[in-house]
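All figures in this text were calculated on a predicted structure; none of them were measured in a lab.
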Amino acid sequence: MQATDRLNEWRSEFGKRALKLLKRSFVQNPIYRNDPDARAELVVARLPHTRDGKKVIPFIYGDPEKLLHFWEDATLLDIFSYHVQRVGDALESNGPPSGALALSTAAYERALTLYKSGENAKELKGEDGKPNSSKRSKKHEFDTYWDAVARGYTASTSSIPAGKWMRIISYANSGQWTNSRQALTLDVVDDVMEARANILISDDKDEDNEERVV
């Protein structure tokens, strides 16, 4: 039971950290600080969508427009740093933390989803000033649905080459990019799930070459 509680706490911390960091990125940027419409536009552009007939997941990339430098988004690496810093030296002996990176990615996608309207859906209130339960959905809670999303991303993070892992962990560890409830059963019907599991993995050399050509 204690192990389960710790696992739930670990997972919950990713979700909290993702929301906190996303909110901070909005507050620190004058373009988005007081403009919900601008935030909503940015979030929709970052969330999984279809581009030129293909499912894309822009928010994982350092360059979301060109889809370059996968898993190098600044906020994503900040979320992932929670695991890297907690594990410390044990990281070297346990192999690439593909599960933790996948969970970080799912937590980030959840945070973006909550801000899809430009405001945090968990903080929306009714006319009486109380939390508006009609605005809540299973996708707002970091439980069964997002567990499935994280497992989908694991299929991609497990394929990341060793050299790229060194770069991701180095950034997360250094902060270089930085400026208990029982889960309900929920069937995940999601046309993006296949895209999460099949993110194109290229090495840094390929990406750098493509960047120079452009």
Result of checking F80, Y61, F59 against Y108 for ring pair (Phe, Tyr, Trp, His ring centres under 6.0 Å): F59

Side chain proximity check, [X] to [Y], heavy atoms < 4.5 angstrom:
X    : Y    : answer
R39  : K23  : no
Y171 : L76  : no
T113 : W146 : yes
L101 : I160 : yes
Y115 : L19  : yes
R17  : H83  : no

[X] and [Y]: which non-hydrogen atoms are nearest, and at how many Å?
X    : Y    : value
T154 : G99  : OG1-CA, 4.4 Å
F14  : S104 : CE2-OG, 3.1 Å
D78  : R24  : OD2-NH2, 3.5 Å
Q28  : R33  : O-NH2, 3.8 Å
A107 : A18  : O-CB, 3.4 Å
P64  : L67  : O-CD2, 3.3 Å

Shared hydrophobic cluster for V27 and I31 (ILVMFWY, side-chain gaps under 4.5 Å): no

How long is the gap from [atom1] on [X] to [atom2] on [Y], to the nearest 0.5 Å?
X    : Y    : atom1 : atom2 : value
T75  : F26  : OG1   : CZ    : 8.5 Å
E119 : D37  : CD    : CG    : 9.5 Å
L22  : R110 : CG    : CZ    : 11.5 Å
I60  : Y153 : CD1   : OH    : 7.0 Å

Can you confirm if the NZ or CZ of K16 lies within 45° of the ring axis of Y82 and under 6.0 Å from the centre of its six-membered ring? no

Between S158 (side chain only) and A155 (backbone N and O only), is there a donor and an acceptor less than 3.5 Å apart? no

Is K20 salt-bridged to E13, cutoff N-O under 4.0 Å? no

Strictly below 4.0 Å, N to O, side chains only: are R46 and E65 in salt-bridge contact? yes

Counting only heavy atoms not in R86, do more than 12 fall under 6.0 Å of its CZ? no

Under the side-chain contact (heavy atoms from CB on, under 4.5 Å) rule, what do K116 and L47 come out as? Steps first, then yes or no, please. CA-CA 9 Å; K116 201 168 184 178; L47 281 169; 4.2 Å; yes

Trace of the side chain to side chain donor-acceptor pair (under 3.5 Å) decision for T157 with W71: CA-CA 9 Å; T157 57; W71 276 292; over 6 Å; no

